[in-house]
Amino acid sequence: MLFNSHVFIFAFLPIVLIGYFLLNHARLILAGKVWLVCASLFFYSWWNIVYLPILVSSILFNYIIANKILEYDKQHKNIIAKKLIFIVGIVFNIGLLAYFKYMDFFIDNVNFVFGTKFDLLNLALPLAISFFTLQQIAFLVDVYEGLIKERRFIDYALFVSFFPKLIAGPIVYHKEMMPQFKSLHNKLFNPKNFSIGLFVFSIGLFKKVVIADSFAVWASRGFDIAQTLNFLAAWATSLSYTFQLYFDFSGYTDMAIGIALMFNIKIPINFNSPYKATNIINFWQRWHITLSRFITSYIYTPIIKSMPRITFTNSMIATFLAMFIAGLWHGAAWTFVLFGAMHGIALIINHYWRRLKFKMSKFLAWFVTFNFVNISFVVFRATEWEDVIKVLKGMFGFSGIEFEQPFFAIIEFPRESLDIVVMILCCGAIAFIAKNTIELMQAFKPNLLYLVAQPVLLVISVLYLSTFSEFLYFNF
(Lines give C-alpha, C1' and ligand atoms only; values in the text may rest on other atoms or scores of the structure.)
Protein backbone atom coordinates (compact mmCIF):
# COMPACT_ATOMS: atom_id res chain seq x y z
CA MET A 1 0.00 0.00 0.00
CA LEU A 2 1.29 3.45 -0.88
CA PHE A 3 1.17 6.50 1.37
CA ASN A 4 0.26 8.50 -1.73
CA SER A 5 -2.96 6.62 -2.47
CA HIS A 6 -6.63 7.33 -1.81
CA VAL A 7 -7.15 4.02 -0.02
CA PHE A 8 -4.35 4.79 2.45
CA ILE A 9 -5.27 8.42 3.13
CA PHE A 10 -9.04 8.04 3.35
CA ALA A 11 -9.49 4.46 4.60
CA PHE A 12 -6.49 2.62 6.04
CA LEU A 13 -4.89 5.41 8.10
CA PRO A 14 -8.12 6.73 9.72
CA ILE A 15 -9.32 3.21 10.58
CA VAL A 16 -5.98 2.19 12.13
CA LEU A 17 -5.70 5.45 14.11
CA ILE A 18 -9.23 5.26 15.47
CA GLY A 19 -8.94 1.55 16.31
CA TYR A 20 -5.60 2.00 18.08
CA PHE A 21 -6.69 4.88 20.32
CA LEU A 22 -10.08 3.30 21.07
CA LEU A 23 -8.37 0.13 22.28
CA ASN A 24 -5.94 2.17 24.40
CA HIS A 25 -8.80 4.26 25.78
CA ALA A 26 -10.46 1.02 26.86
CA ARG A 27 -7.15 0.06 28.54
CA LEU A 28 -6.64 -2.83 26.15
CA ILE A 29 -2.95 -2.01 25.71
CA LEU A 30 -1.88 -5.41 24.43
CA ALA A 31 -4.81 -5.47 22.01
CA GLY A 32 -3.67 -2.05 20.74
CA LYS A 33 -0.22 -3.42 19.92
CA VAL A 34 -1.69 -6.49 18.26
CA TRP A 35 -3.95 -4.19 16.23
CA LEU A 36 -0.92 -2.20 15.01
CA VAL A 37 1.05 -5.34 14.14
CA CYS A 38 -1.88 -6.82 12.20
CA ALA A 39 -2.49 -3.50 10.45
CA SER A 40 1.22 -3.26 9.54
CA LEU A 41 1.27 -6.78 8.11
CA PHE A 42 -1.89 -6.00 6.14
CA PHE A 43 -0.26 -2.79 4.89
CA TYR A 44 2.81 -4.78 3.80
CA SER A 45 0.89 -7.61 2.12
CA TRP A 46 -1.37 -5.19 0.21
CA TRP A 47 1.52 -4.69 -2.23
CA ASN A 48 2.05 -8.41 -2.79
CA ILE A 49 0.97 -11.03 -0.26
CA VAL A 50 3.64 -13.40 -1.59
CA TYR A 51 6.26 -11.34 0.28
CA LEU A 52 4.50 -11.61 3.65
CA PRO A 53 5.90 -15.06 4.65
CA ILE A 54 9.44 -13.72 4.11
CA LEU A 55 8.87 -10.79 6.50
CA VAL A 56 7.11 -12.96 9.09
CA SER A 57 9.79 -15.68 8.90
CA SER A 58 12.51 -13.07 9.30
CA ILE A 59 10.79 -11.63 12.38
CA LEU A 60 10.31 -15.07 13.96
CA PHE A 61 13.87 -16.22 13.26
CA ASN A 62 15.50 -13.06 14.62
CA TYR A 63 13.26 -13.09 17.69
CA ILE A 64 14.34 -16.67 18.46
CA ILE A 65 18.01 -15.81 17.94
CA ALA A 66 17.74 -12.74 20.19
CA ASN A 67 16.11 -14.76 22.96
CA LYS A 68 18.77 -17.45 22.75
CA ILE A 69 21.44 -14.76 23.17
CA LEU A 70 19.56 -13.32 26.15
CA GLU A 71 19.32 -16.78 27.75
CA TYR A 72 23.09 -17.21 27.53
CA ASP A 73 23.52 -13.74 29.02
CA LYS A 74 21.25 -14.64 31.92
CA GLN A 75 23.19 -17.82 32.63
CA HIS A 76 26.55 -15.97 32.50
CA LYS A 77 28.13 -18.90 30.67
CA ASN A 78 28.47 -20.52 27.26
CA ILE A 79 30.17 -17.44 25.81
CA ILE A 80 31.27 -19.42 22.75
CA ALA A 81 27.74 -20.72 22.17
CA LYS A 82 26.36 -17.20 22.56
CA LYS A 83 28.79 -15.90 19.94
CA LEU A 84 27.98 -18.78 17.63
CA ILE A 85 24.24 -18.09 17.87
CA PHE A 86 24.90 -14.41 17.18
CA ILE A 87 26.98 -15.25 14.09
CA VAL A 88 24.21 -17.56 12.84
CA GLY A 89 21.74 -14.69 13.18
CA ILE A 90 23.95 -12.23 11.29
CA VAL A 91 24.74 -14.77 8.56
CA PHE A 92 21.04 -15.56 8.16
CA ASN A 93 20.14 -11.88 7.67
CA ILE A 94 23.00 -11.16 5.28
CA GLY A 95 22.33 -14.43 3.46
CA LEU A 96 18.62 -13.66 3.07
CA LEU A 97 19.41 -10.24 1.63
CA ALA A 98 22.20 -11.61 -0.58
CA TYR A 99 20.03 -14.41 -1.99
CA PHE A 100 17.10 -12.26 -3.05
CA LYS A 101 19.01 -9.12 -3.98
CA TYR A 102 22.36 -10.29 -5.37
CA MET A 103 22.11 -13.93 -6.52
CA ASP A 104 21.12 -13.11 -10.10
CA PHE A 105 23.80 -10.38 -10.18
CA PHE A 106 26.38 -12.94 -9.02
CA ILE A 107 25.28 -15.56 -11.58
CA ASP A 108 25.28 -13.00 -14.38
CA ASN A 109 28.84 -11.91 -13.58
CA VAL A 110 30.07 -15.52 -13.26
CA ASN A 111 28.63 -16.24 -16.69
CA PHE A 112 30.32 -13.14 -18.11
CA VAL A 113 33.75 -13.82 -16.60
CA PHE A 114 33.96 -17.60 -17.11
CA GLY A 115 31.76 -17.97 -20.17
CA THR A 116 29.33 -20.25 -18.36
CA LYS A 117 25.61 -20.42 -19.04
CA PHE A 118 24.02 -20.81 -15.63
CA ASP A 119 20.33 -19.90 -15.69
CA LEU A 120 19.30 -16.80 -13.78
CA LEU A 121 16.87 -17.38 -10.92
CA ASN A 122 14.88 -14.25 -11.88
CA LEU A 123 14.12 -13.55 -8.23
CA ALA A 124 11.74 -10.74 -7.38
CA LEU A 125 13.15 -8.44 -4.69
CA PRO A 126 10.89 -8.70 -1.62
CA LEU A 127 9.54 -5.30 -0.65
CA ALA A 128 11.51 -3.51 2.10
CA ILE A 129 13.96 -6.39 2.63
CA SER A 130 16.94 -4.01 2.62
CA PHE A 131 15.42 -1.91 5.40
CA PHE A 132 13.97 -4.53 7.74
CA THR A 133 17.14 -6.62 7.39
CA LEU A 134 19.42 -3.74 8.45
CA GLN A 135 17.10 -2.93 11.33
CA GLN A 136 17.22 -6.49 12.61
CA ILE A 137 20.99 -6.74 12.21
CA ALA A 138 21.33 -3.62 14.38
CA PHE A 139 18.91 -5.19 16.89
CA LEU A 140 20.92 -8.43 17.15
CA VAL A 141 24.18 -6.51 17.62
CA ASP A 142 22.63 -4.45 20.43
CA VAL A 143 21.22 -7.60 22.07
CA TYR A 144 24.62 -9.31 21.83
CA GLU A 145 26.30 -6.30 23.43
CA GLY A 146 23.77 -6.30 26.28
CA LEU A 147 22.03 -3.06 25.31
CA ILE A 148 18.57 -4.60 24.81
CA LYS A 149 16.61 -7.02 26.99
CA GLU A 150 13.48 -7.34 24.84
CA ARG A 151 11.64 -10.64 25.50
CA ARG A 152 8.03 -10.00 24.40
CA PHE A 153 7.29 -11.20 20.90
CA ILE A 154 4.52 -8.69 20.22
CA ASP A 155 6.85 -5.80 21.09
CA TYR A 156 9.56 -7.13 18.79
CA ALA A 157 7.08 -7.72 15.97
CA LEU A 158 5.82 -4.15 16.37
CA PHE A 159 9.37 -2.81 16.36
CA VAL A 160 10.12 -4.45 13.00
CA SER A 161 6.77 -4.09 11.28
CA PHE A 162 5.44 -0.66 12.41
CA PHE A 163 4.05 0.42 9.06
CA PRO A 164 5.08 4.12 8.87
CA LYS A 165 8.77 3.20 8.61
CA LEU A 166 8.53 -0.40 7.35
CA ILE A 167 8.91 0.00 3.59
CA ALA A 168 11.67 2.59 3.14
CA GLY A 169 12.81 3.68 6.58
CA PRO A 170 14.03 5.63 8.41
CA ILE A 171 16.18 2.81 9.84
CA VAL A 172 15.09 2.89 13.47
CA TYR A 173 16.87 1.46 16.52
CA HIS A 174 14.94 -0.38 19.21
CA LYS A 175 15.98 2.05 21.93
CA GLU A 176 14.56 4.96 19.92
CA MET A 177 11.09 3.61 19.31
CA MET A 178 9.95 0.92 21.73
CA PRO A 179 10.25 2.92 25.00
CA GLN A 180 7.73 5.33 23.44
CA PHE A 181 5.20 2.50 23.03
CA LYS A 182 5.61 1.68 26.72
CA SER A 183 4.81 5.23 27.82
CA LEU A 184 1.25 5.49 29.14
CA HIS A 185 1.18 9.13 28.12
CA ASN A 186 1.57 8.08 24.48
CA LYS A 187 -1.44 5.77 24.64
CA LEU A 188 -3.86 8.67 24.53
CA PHE A 189 -4.77 10.70 21.48
CA ASN A 190 -2.70 13.90 21.41
CA PRO A 191 -4.23 16.71 19.31
CA LYS A 192 -0.94 18.61 19.10
CA ASN A 193 1.02 15.60 17.85
CA PHE A 194 -1.76 14.79 15.41
CA SER A 195 -1.77 18.35 14.05
CA ILE A 196 2.01 18.45 13.59
CA GLY A 197 1.97 14.94 12.15
CA LEU A 198 -0.73 15.83 9.63
CA PHE A 199 1.19 18.97 8.67
CA VAL A 200 4.43 17.05 8.10
CA PHE A 201 2.56 14.31 6.23
CA SER A 202 1.04 16.96 3.95
CA ILE A 203 4.49 18.43 3.24
CA GLY A 204 5.82 14.98 2.37
CA LEU A 205 2.85 14.14 0.18
CA PHE A 206 3.26 17.45 -1.68
CA LYS A 207 6.98 16.77 -2.18
CA LYS A 208 6.21 13.38 -3.67
CA VAL A 209 3.17 13.82 -5.92
CA VAL A 210 3.61 17.44 -7.01
CA ILE A 211 7.39 17.87 -7.16
CA ALA A 212 9.09 14.47 -7.43
CA ASP A 213 6.57 12.95 -9.82
CA SER A 214 6.82 16.00 -12.11
CA PHE A 215 10.61 15.67 -12.27
CA ALA A 216 10.25 11.91 -12.81
CA VAL A 217 8.68 12.46 -16.23
CA TRP A 218 11.59 14.56 -17.51
CA ALA A 219 14.26 12.36 -15.91
CA SER A 220 12.78 9.23 -17.46
CA ARG A 221 12.61 10.78 -20.91
CA GLY A 222 16.23 11.88 -20.73
CA PHE A 223 17.65 8.64 -19.32
CA ASP A 224 15.39 6.02 -20.87
CA ILE A 225 13.95 7.45 -24.12
CA ALA A 226 16.20 10.11 -25.68
CA GLN A 227 18.95 8.73 -27.91
CA THR A 228 21.19 11.79 -27.52
CA LEU A 229 21.17 14.81 -25.22
CA ASN A 230 22.60 18.21 -26.00
CA PHE A 231 24.17 20.36 -23.29
CA LEU A 232 21.00 21.91 -21.83
CA ALA A 233 18.93 18.77 -22.25
CA ALA A 234 21.56 16.73 -20.38
CA TRP A 235 21.69 19.20 -17.50
CA ALA A 236 17.89 19.31 -17.37
CA THR A 237 17.87 15.51 -17.24
CA SER A 238 20.48 15.18 -14.50
CA LEU A 239 19.02 17.96 -12.34
CA SER A 240 15.53 16.53 -12.82
CA TYR A 241 16.66 13.21 -11.37
CA THR A 242 18.71 14.84 -8.60
CA PHE A 243 15.66 16.78 -7.45
CA GLN A 244 13.31 13.85 -8.07
CA LEU A 245 15.39 11.57 -5.84
CA TYR A 246 15.60 14.13 -3.05
CA PHE A 247 11.93 15.13 -3.02
CA ASP A 248 10.79 11.53 -3.52
CA PHE A 249 12.77 10.02 -0.66
CA SER A 250 12.60 12.98 1.71
CA GLY A 251 8.88 13.17 0.92
CA TYR A 252 8.46 9.52 1.94
CA THR A 253 10.45 10.11 5.12
CA ASP A 254 8.37 13.20 5.98
CA MET A 255 5.20 11.17 5.53
CA ALA A 256 6.61 8.37 7.70
CA ILE A 257 7.57 10.85 10.44
CA GLY A 258 4.18 12.55 10.24
CA ILE A 259 2.18 9.30 10.38
CA ALA A 260 4.24 7.98 13.30
CA LEU A 261 3.71 11.24 15.18
CA MET A 262 -0.05 10.82 14.80
CA PHE A 263 0.45 7.68 16.93
CA ASN A 264 2.59 9.76 19.37
CA ILE A 265 5.77 8.03 18.16
CA LYS A 266 8.80 10.10 17.16
CA ILE A 267 11.06 8.42 14.62
CA PRO A 268 14.43 9.83 13.49
CA ILE A 269 14.89 12.64 11.02
CA ASN A 270 16.44 11.29 7.83
CA PHE A 271 17.22 14.48 5.90
CA ASN A 272 18.62 17.82 6.98
CA SER A 273 18.92 19.97 3.84
CA PRO A 274 21.64 17.79 2.22
CA TYR A 275 21.89 20.01 -0.85
CA LYS A 276 23.08 22.84 1.40
CA ALA A 277 26.20 20.81 2.25
CA THR A 278 29.55 22.47 1.56
CA ASN A 279 31.59 19.24 1.50
CA ILE A 280 30.92 15.56 0.95
CA ILE A 281 31.41 14.67 4.62
CA ASN A 282 28.71 17.15 5.53
CA PHE A 283 26.52 15.81 2.73
CA TRP A 284 26.48 12.32 4.26
CA GLN A 285 25.75 13.85 7.66
CA ARG A 286 22.62 15.34 6.09
CA TRP A 287 21.53 12.78 3.45
CA HIS A 288 19.79 9.55 4.49
CA ILE A 289 21.03 10.14 8.02
CA THR A 290 19.85 6.81 9.47
CA LEU A 291 21.71 4.86 6.78
CA SER A 292 24.86 6.93 7.37
CA ARG A 293 24.82 6.19 11.10
CA PHE A 294 24.20 2.47 10.42
CA ILE A 295 27.19 2.42 8.06
CA THR A 296 29.32 4.18 10.68
CA SER A 297 28.25 1.95 13.60
CA TYR A 298 27.94 -1.46 11.98
CA ILE A 299 30.26 -1.38 8.94
CA TYR A 300 32.95 1.30 9.34
CA THR A 301 33.58 0.71 13.08
CA PRO A 302 33.95 -3.10 12.85
CA ILE A 303 36.29 -2.71 9.86
CA ILE A 304 38.51 -0.20 11.65
CA LYS A 305 38.51 -2.31 14.83
CA SER A 306 39.63 -5.36 12.85
CA MET A 307 42.80 -3.56 11.73
CA PRO A 308 46.02 -3.98 13.74
CA ARG A 309 46.37 -0.24 14.30
CA ILE A 310 44.06 2.74 14.02
CA THR A 311 45.86 5.16 11.75
CA PHE A 312 44.65 7.85 9.39
CA THR A 313 45.48 5.66 6.39
CA ASN A 314 43.61 2.70 7.86
CA SER A 315 40.61 4.88 8.64
CA MET A 316 40.56 6.02 5.00
CA ILE A 317 40.67 2.39 3.82
CA ALA A 318 37.76 1.63 6.16
CA THR A 319 35.89 4.67 4.83
CA PHE A 320 36.28 3.52 1.24
CA LEU A 321 35.20 -0.05 2.03
CA ALA A 322 32.18 1.17 4.00
CA MET A 323 31.01 3.39 1.14
CA PHE A 324 31.71 0.62 -1.38
CA ILE A 325 29.36 -1.65 0.61
CA ALA A 326 26.85 1.19 0.97
CA GLY A 327 26.80 1.61 -2.80
CA LEU A 328 26.21 -2.11 -3.31
CA TRP A 329 23.44 -2.05 -0.67
CA HIS A 330 21.43 0.23 -2.95
CA GLY A 331 21.23 -2.36 -5.71
CA ALA A 332 22.75 -5.29 -7.57
CA ALA A 333 24.44 -3.42 -10.40
CA TRP A 334 27.92 -2.15 -11.17
CA THR A 335 26.55 1.39 -11.43
CA PHE A 336 25.75 1.26 -7.70
CA VAL A 337 29.22 -0.11 -6.98
CA LEU A 338 30.73 2.81 -8.90
CA PHE A 339 28.46 5.24 -7.05
CA GLY A 340 29.71 3.92 -3.69
CA ALA A 341 33.34 4.00 -4.87
CA MET A 342 32.97 7.59 -6.12
CA HIS A 343 31.68 8.74 -2.74
CA GLY A 344 34.32 6.70 -0.91
CA ILE A 345 37.07 8.45 -2.90
CA ALA A 346 35.38 11.83 -2.42
CA LEU A 347 35.25 11.30 1.36
CA ILE A 348 38.95 10.40 1.41
CA ILE A 349 39.83 13.53 -0.58
CA ASN A 350 37.66 15.59 1.79
CA HIS A 351 39.45 14.17 4.84
CA TYR A 352 42.88 14.84 3.32
CA TRP A 353 41.73 18.36 2.41
CA ARG A 354 40.82 18.97 6.04
CA ARG A 355 44.04 17.40 7.24
CA LEU A 356 46.08 19.73 5.04
CA LYS A 357 43.91 22.68 6.18
CA PHE A 358 43.16 23.95 2.69
CA LYS A 359 40.58 26.73 2.47
CA MET A 360 37.82 27.37 -0.06
CA SER A 361 35.07 29.97 -0.20
CA LYS A 362 31.74 28.73 1.11
CA PHE A 363 29.96 29.28 -2.21
CA LEU A 364 32.65 27.48 -4.22
CA ALA A 365 32.66 24.60 -1.72
CA TRP A 366 28.87 24.27 -2.07
CA PHE A 367 29.10 24.51 -5.87
CA VAL A 368 31.72 21.75 -6.09
CA THR A 369 29.87 19.53 -3.63
CA PHE A 370 26.47 19.84 -5.28
CA ASN A 371 27.84 19.25 -8.77
CA PHE A 372 29.75 16.18 -7.63
CA VAL A 373 26.57 14.82 -6.05
CA ASN A 374 24.59 15.63 -9.19
CA ILE A 375 27.10 13.81 -11.41
CA SER A 376 27.22 10.82 -9.06
CA PHE A 377 23.43 10.57 -9.22
CA VAL A 378 23.71 10.19 -13.00
CA VAL A 379 25.61 6.97 -12.31
CA PHE A 380 23.11 6.07 -9.58
CA ARG A 381 20.10 6.49 -11.89
CA ALA A 382 21.40 4.89 -15.07
CA THR A 383 20.26 1.37 -15.87
CA GLU A 384 22.94 0.88 -18.53
CA TRP A 385 26.47 2.24 -18.97
CA GLU A 386 25.32 3.77 -22.25
CA ASP A 387 22.94 5.99 -20.27
CA VAL A 388 25.80 7.22 -18.07
CA ILE A 389 27.91 8.07 -21.12
CA LYS A 390 24.96 9.69 -22.93
CA VAL A 391 24.07 12.04 -20.07
CA LEU A 392 27.66 12.90 -19.06
CA LYS A 393 28.67 13.55 -22.69
CA GLY A 394 25.80 16.00 -22.98
CA MET A 395 26.59 17.68 -19.66
CA PHE A 396 30.20 18.30 -20.67
CA GLY A 397 29.26 19.59 -24.12
CA PHE A 398 30.47 16.64 -26.22
CA SER A 399 27.05 16.17 -27.84
CA GLY A 400 26.62 19.74 -28.97
CA ILE A 401 25.33 22.96 -27.46
CA GLU A 402 22.10 24.09 -29.12
CA PHE A 403 19.98 26.94 -27.82
CA GLU A 404 17.15 27.14 -30.34
CA GLN A 405 15.46 23.98 -29.05
CA PRO A 406 17.30 23.46 -25.76
CA PHE A 407 15.21 20.59 -24.40
CA PHE A 408 14.09 18.96 -27.64
CA ALA A 409 15.25 15.55 -26.47
CA ILE A 410 13.10 15.38 -23.31
CA ILE A 411 10.01 17.52 -23.94
CA GLU A 412 6.78 16.71 -25.71
CA PHE A 413 5.25 20.19 -25.78
CA PRO A 414 6.98 23.57 -26.40
CA ARG A 415 5.80 24.99 -23.09
CA GLU A 416 7.63 22.27 -21.16
CA SER A 417 10.95 24.05 -21.68
CA LEU A 418 9.69 26.85 -19.46
CA ASP A 419 8.14 24.35 -17.03
CA ILE A 420 11.49 22.61 -16.53
CA VAL A 421 13.37 25.86 -15.95
CA VAL A 422 10.78 27.15 -13.48
CA MET A 423 10.64 23.83 -11.59
CA ILE A 424 14.43 23.58 -11.32
CA LEU A 425 14.76 27.18 -10.11
CA CYS A 426 11.88 26.92 -7.61
CA CYS A 427 12.93 23.55 -6.23
CA GLY A 428 16.54 24.67 -6.14
CA ALA A 429 15.43 27.59 -3.96
CA ILE A 430 13.53 25.17 -1.69
CA ALA A 431 16.48 22.78 -1.40
CA PHE A 432 19.23 25.41 -1.12
CA ILE A 433 17.58 28.24 0.82
CA ALA A 434 14.20 27.42 2.38
CA LYS A 435 13.59 25.97 5.82
CA ASN A 436 13.51 22.20 5.91
CA THR A 437 10.93 19.93 7.55
CA ILE A 438 12.85 19.84 10.84
CA GLU A 439 12.76 23.63 11.11
CA LEU A 440 9.11 23.80 10.07
CA MET A 441 8.19 21.21 12.71
CA GLN A 442 10.03 23.17 15.39
CA ALA A 443 8.33 26.40 14.30
CA PHE A 444 4.86 24.85 14.09
CA LYS A 445 2.13 26.84 15.81
CA PRO A 446 -1.63 26.33 15.61
CA ASN A 447 -2.16 29.74 14.00
CA LEU A 448 -3.96 30.93 10.87
CA LEU A 449 -0.91 30.48 8.62
CA TYR A 450 -0.49 26.80 9.44
CA LEU A 451 -4.26 26.31 9.55
CA VAL A 452 -4.43 27.44 5.92
CA ALA A 453 -1.14 25.95 4.67
CA GLN A 454 -1.81 22.37 5.79
CA PRO A 455 -5.18 21.81 4.06
CA VAL A 456 -3.98 23.65 0.94
CA LEU A 457 -0.96 21.34 0.66
CA LEU A 458 -3.13 18.29 1.32
CA VAL A 459 -5.87 19.24 -1.14
CA ILE A 460 -3.41 20.06 -3.94
CA SER A 461 -1.56 16.80 -3.30
CA VAL A 462 -4.75 14.72 -3.34
CA LEU A 463 -5.75 16.33 -6.64
CA TYR A 464 -2.36 15.24 -8.05
CA LEU A 465 -2.70 11.63 -6.90
CA SER A 466 -2.39 9.22 -9.81
CA THR A 467 -3.33 5.58 -10.09
CA PHE A 468 0.27 4.44 -9.48
CA SER A 469 3.37 6.28 -8.36
CA GLU A 470 6.01 4.13 -6.73
CA PHE A 471 8.66 5.53 -4.38
CA LEU A 472 12.20 5.24 -5.73
CA TYR A 473 13.63 3.61 -2.60
CA PHE A 474 11.13 0.74 -2.90
CA ASN A 475 13.58 -0.57 -5.52
CA PHE A 476 16.56 -0.54 -3.17
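Values below: all heavy atoms of this structure, side chains included; hydrogens, waters and symmetry mates excluded.
Judged by distance alone, the side chain of N350 and the main-chain N or O of A346 form no donor-acceptor pair under 3.5 Å. Between the side chain of K101 and the backbone N or O of W329, at least one donor-acceptor pair lies under 3.5 Å. Checking side-chain atoms of D104 against main-chain N and O of L120 turns up no donor-acceptor pair under 3.5 Å. At least one donor-acceptor pair under 3.5 Å links the side chain of E439 to the backbone N or O of N436. No donor-acceptor distance shorter than 3.5 angstrom exists from the side chain of Q136 to the backbone of V160, with no hydrogens or angles considered. In terms of modelled atom types and a separation under 3.5 Å, the side chain of D254 and the main chain of F201 share no donor-acceptor contact. S461 places a side-chain N or O within 3.5 Å of a backbone atom of F206 that can act as its donor or acceptor partner.
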Working for ring-ring contact (aromatic ring centres under 6.0 Å, His included), residues F263 and Y20: CA-CA 8 Å; F263 291 90; Y20 178 68; 5.6 Å; yes
For the pair Y352 and F358, evaluate ring-ring contact (aromatic ring centres under 6.0 Å, His included) and give the outcome as yes or no after the intermediate values. CA-CA 9 Å; Y352 270 104; F358 290 148; over 10 Å; no
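Between Y99 and L123, the shortest heavy-atom contact is O-CD1, 3.2 Å. The two atoms that bring W287 and Y275 nearest to each other are CZ3-OH, 3.8 Å, heavy atoms only. In this structure, V391 and S238 approach most closely via the heavy-atom pair CG1-CB, 4.3 Å.
Between F380 and F377, the angle of the ring planes goes over 60°, which puts this pair in the perpendicular group of the 30/60° scheme. Using the six-membered ring where Trp is involved, F163 and F43 have ring planes that are tilted, between 30° and 60° apart. Under the 30°/60° scheme for interplanar angles, the aromatic rings of F8 and F3 are found to be tilted.
The closest side-chain heavy-atom distance from L55 to L127 is not below 4.5 Å.
By the 6.0 Å and 45° rule, K175 does not stack over the aromatic ring of F159.
Here the two rings, on F283 and F370, have centers that are 6.0 Å apart or farther.
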